[in-house]
Amino acid sequence: MDNSCTIKTIGIPKLHSPLDAVQFIEDNEYVLLNPVVKILPKEAERPFQGVSQQRPATPIPFDTTNKNCFQKAGPRSRIFFDSETVQVGIVTCGGLCPGLNNVIRAIVNCLNYRYGVKKPIYGFRYGYYGIANKDYISLTPEVVKDIHNLGGSYLGSSRGHQDSKIMVDNIIELGIDILVTIGGDGTQKGAHQIYEEVTKRNKQISVIGVPKTVDNDLAYVDRTFGFETAIEQAQAPILAAHQEARSVYHGIGLVKLMGRDSGFIALHASISSGDVNIVLLPEAKFTMEELIEYLIIRFKSSEHCVIVCAEGAGQDILPPTGQTDKSGNTVLQDIGLYLKSEIPKRLAEKNIESKVIYIDPSYQIRCCKANPFDAAYSTILAQMCCHAAMAGKTDMIVGSINNQYVHVPLLKATEFRKKVDKNGTYFQAMLDQTGMPEWLDLIQNRKNPNPEIASPEPKLATL
Ligand code: ATP
Ligand code: MG
């Protein structure tokens with residue numbers, strides 16, 4: 001597999017860009033994955049080595065095949081497609097995410113107003129289904145002018161396999177030169193298949209993705225749109241859970257948040273809230289015995305407790321569902337419902353009374369309108385997508401690394417999912433904020449560097 005960060009183009013961009021008064025970016029400008037360097041006095045003559053707990057060291061000098069530097073995004077002085085004739089299509093797939101409509105609107109506006117694209121844009125309805133079945137609407141600035149004020153996807157979305165050969169037949173038949181795929185890892189894997197099929201047929205069609213993952217688990221890039229809105233939206237349910245929990249004797253406010261494989265939303269929302277006592281993440285294993293033991297300890301100093309649980313947490317303590325959704329994603333067990341019934345049952349077995357108040361705000365969070373940060377961020381990503389597409393780049397997504405906008409090859413973006421680093425700043429901040437003990441697997445990995453300093457929390461009996 002090509003592991004480099006080299007960005008493909010479908011042809012030499014020969015046309016002058018119609019954009020003026022902008023700073024054009026050149027193709028040989030790159031952004032380093034890790035900007036941290038450690039200068040060792042004795043070894044000052046050697047190349048710098050990056051140091052970070054969260055990202056691999058970045059050796060320099062580098063070249064374009066280096067897997068740790070990414071081509072800078074932005075407008076190019078020469079473009080490939082002619083604004084008079086270029087035909088664009090947009091599709092949104094997978095789950096909803098705040099900011100989808102901002103992306104759609106900004107693409108239509110940037111192409112129309114900035115590049116002078118004349119032809120109305122095909123907006124495919126209900127994800128890849130719309131491409132496979134030629135179900136589309138026409139998108140113009142007039143059509144999209146108010147959609148940024150709506151949640152959900154203006155185009156609709158879907159899961160489920162569609163044949164890439166049929167989709168490419170239709171893309172060619174409709175005369176599409178640029179296909180923009182807005183979606184998660186499944187969508188971008190599908191986009192890569194479309195790129196491969198287009199390449200097999202020797203067609204100069206650009207396939208560019210705008211990554212959508214509310215979980216913020218996309219490989220390499222700092223942040224995906226919708227993530228910050230999700231954290232903001234999680235605050236009200238956490239606050240409600242806290243108020244409810246502290247209003248009854250041994251009240252346990254339990255909030256389930258999104259995060260199938262990575263617990264970034266639960267982690268960040270809990271740190272922001274300051275009211276959370278226990279955070280359960282897919283990355284940090286726990287057992288029911290440990291959880292109950294800690295609740296008992298907690299009830300000795302306080303009469304209530306707030307638990308935030310990511311949807312992918314604790315899947316190993318439940319039997320697998322054995323089911324997959326239409327797109328082949330594993331259907332998870334409902335850890336929230338399980339904890340809701342299991343916690344009071346287990347506490348009752350130890351003659352401890354409790355009441356669980358359970359809140360699952362997932363759908364409310366993902367379908368809402370983007371907050372101002374995500375609205376701006378998704379707009380800029382959309383503009384970067386237009387610049388890359390008009391310059392004839394393909395088989396890539398746009399993202400940001402170290403606050404710089406970059407191009408990431410599709411295969412690289414779907415290489416792995418970003419996970420919460422249990423040795424990283426945010427996880428440590430959460431432990432500090434909640435006073436929660438480090439769970440079993442973490443204790444095995446991290447020893448107290450100074451055994452004379454007692455752990456601030458009592459050790460769990462089962463550890
Ligand atoms: P979410 O984060 O909400 O899951 P997603 O983009 O991953 O977003 P999926 O439902 O997994 O959403 O996939 C969206 C579309 O991409 C579906 O039409 C699906 O068939 C297609 N797809 C998913 N996985 C692949 C894959 N490995 N190869 C090709 N196409 C895929
Ligand atoms: Mg998916």
Side-chain angles (χ1 to χ4, degrees), residues 1 89-101 103-104 124-136 151-153 155-168 170-171 179-200 207-219 221 223-227 229-230 257-265 282 310-312 323-332 362-363 365-368 374 378 381 385 395 397-399 408-419:
M1 191 177 85
I90 305 179
V91 65
T92 59
C93 313
L96 298 182
C97 176
L100 281 170
N101 290 332
V103 176
I104 297 168
F124 290 104
R125 300 181 72 221
Y126 304 114
Y128 285 142
Y129 163 90
I131 305 185
N133 293 279
K134 284 191 272 179
D135 185 353
Y136 55 83
S153 168
L155 294 174
S157 188
S158 72
R159 299 193 188 276
H161 174 76
Q162 302 294 338
D163 189 332
S164 55
K165 289 192 177 64
I166 295 172
M167 288 196 278
V168 172
N170 292 343
I171 287 167
L179 178 69
V180 179
T181 56
I182 310 168
D185 61 338
T187 305
Q188 305 312 344
K189 283 176 189 162
H192 180 70
Q193 285 184 0
I194 293 175
Y195 155 79
E196 285 187 321
E197 187 60 33
V198 160
T199 308
K200 257 191 230 160
V207 183
I208 306 276
V210 181
K212 172 231 64 152
T213 149
V214 74
D215 294 347
N216 198 30
D217 57 355
L218 189 79
V221 305
R223 187 159 285 196
T224 45
F225 71 84
F227 175 63
T229 308
L257 296 175
M258 286 164 295
R260 289 174 55 86
D261 301 283
S262 314
F264 291 105
I265 294 179
E311 64 181 320
Q323 295 166 19
T324 51
D325 69 13
K326 279 183 176 179
S327 294
N329 306 303
T330 303
V331 174
L332 298 179
S362 308
Y363 286 109
I365 288 177
R366 66 176 217 171
C367 75
C368 74
D374 280 330
S378 48
L381 283 176
C385 162
D395 195 33
I397 59 148
V398 285
V408 183
L410 274 178
L411 273 184
K412 206 158 172 61
T414 53
E415 208 172 65
F416 62 90
R417 281 202 175 95
K418 212 165 59 179
K419 300 267 183 194

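In listed order, ligands and their atoms are each counted from 1.
The shortest contact between atom 25 (C) of ligand 1 and any protein heavy atom is with Gly186 O, 3.5 Å. Ranking the protein heavy atoms by distance from atom 15 (C) of ligand 1 puts Tyr128 CD1, 3.8 Å first. Counting protein heavy atoms only, atom 3 (O) of ligand 1 is closest to Gly95 N, 2.6 Å. For atom 11 (O) of ligand 1, the nearest protein heavy atom (residue, atom name, distance) is Asn329 ND2, 3.1 Å. In this structure, the protein non-hydrogen atom closest to atom 26 (C) of ligand 1 is Lys189 CB, 3.5 Å.
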Please evaluate residues Thr224 and Val214 with respect to the criterion side chain to side chain contact (heavy atoms under 4.5 Å, CB included), reporting the C-alpha separation (whole Å), side-chain torsions for both, the decisive distance (0.1 Å), and the verdict. CA-CA 7 Å; Thr224 45; Val214 74; over 6 Å; no

Would you please test Tyr126 and Asn133 for side chain to side chain contact (heavy atoms under 4.5 Å, CB included) and show each step? CA-CA 10 Å; Tyr126 304 114; Asn133 293 279; over 6 Å; no

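One finds the CG atom of Leu381 at 14.0 Å from the NZ atom of Lys212 (value rounded to the nearest 0.5 Å). Distance check, rounded to the nearest 0.5 Å: CG of Asn101 to OG of Ser153 gives 5.5 Å.
Near His161, meaning under 4.0 Å from one of its heavy atoms, ligand 1 places the atoms 20 (O). Close approach of ligand 1 to Lys212 is summarised as follows: ligand atoms under 4.0 Å from at least one heavy atom of the residue are 1 (P), 2 (O), 3 (O), 8 (O). Taking a cut-off of under 4.0 Å to the non-hydrogen atoms of Gln193, the atoms of ligand 1 that pass are 28 (N), 29 (C).
A donor atom on one side chain and an acceptor atom on the other are not found under 3.5 Å apart for Thr414 and Asp185. Counted by atom type alone, Gln188 and Thr181 present one or more donor-acceptor pairs between their side chains at under 3.5 Å.
Proximity annotation for atom 10 (O) of ligand 1: of Pro211, Ser327, Gly190, Ser327 comes nearest, heavy atoms only.
The only option from Thr213, Asp261, Asp215 that meets the side-chain contact (heavy atoms from CB on, under 4.5 Å) definition with Arg417 turns out to be Asp261.
Taking any N or O of Thr187, backbone or side chain, at least one lies under 3.5 Å from an N or O belonging to ligand 1. Considering backbone and side-chain N/O atoms, Arg159 comes within less than 3.5 Å of an N/O atom of ligand 1. Considering backbone and side-chain N/O of Gly160, one or more are found under 3.5 Å from N/O of ligand 1.
For Asp215, no heavy-atom contact with ligand 1 is shorter than 4.0 Å.
Taking the ring centre of Phe264 as origin, the terminal cationic atom of Lys418 falls inside the region bounded by 6.0 Å and 45° from the ring axis.
Remark: the backbone N or O of Tyr195 is not paired with any side-chain donor or acceptor of Asp395 at under 3.5 angstrom.
Contact between Thr213 and ligand 1 is absent, with no heavy atom of the residue lying under 4.0 Å from the ligand.
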